[in-house]
J.: 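Can you keep this structure in mind? I'll have questions shortly.
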Amino acid sequence: MNKKLIVILVLVGLALILILQNTQSVSLNFFFWSLALPLVVLVVGLLAVGFVIGFLSAKMKGPRDERLESRRNIKG
C-alpha cells in the first residue's frame with residue numbers, strides 16, 4: 001500500500017473514533033438563539049468556520065511573493 005492510502009485510512013479511523021466518542025448533546029447559546037446538537041457536529045462546524053476564515057484572510061492579503069517583490073523594488 002502506498003503512503004497516501006495509509007494516511008487517509010488512519011485519518012478516517014481517527015475521525016470515526018472522534019465521532020463515536022463525542023455523540024453527547026450539548027447546548028449552544030448565541031445571543032437569543034439556542035441549539036442542542038452533538039458535540040462532534042459543533043467541533044467540526046467550528047473547524048470549518050476556522051478554515052474558511054483562514055482561507056479568506058489569505059486571499060485578501062494576496063500572494064506573499066508579490067508583496068516581497070514590491071518591497072524590493074521600492075528599496076532600490
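Since the structure is predicted, the reported quantities are computational estimates derived from the model, not experimental observations.
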J.: Verify side-chain contact (heavy atoms from CB on, under 4.5 Å) between N22 and V43, making sure each step is shown before the conclusion.
T.: CA-CA 10 Å; N22 292 292; V43 169; over 6 Å; no

J.: CG/L11 to CG/L16 distance, rounded to the nearest 0.5 angstrom?
T.: 11.0 Å

J.: Is there a continuous path of hydrophobic side-chain contacts, each under 4.5 Å between heavy atoms, that joins L46 to L39?
T.: yes

J.: Closest heavy-atom contact between T23 and L20?
T.: CG2-O, 3.9 Å

J.: Give the cluster check for V7 versus V12: same hydrophobic cluster or not, with ILVMFWY residues linked at side-chain heavy-atom distances below 4.5 Å.
T.: no

J.: Heavy atoms, side chains only, cut-off 4.5 Å: are L18 and L14 in contact?
T.: no

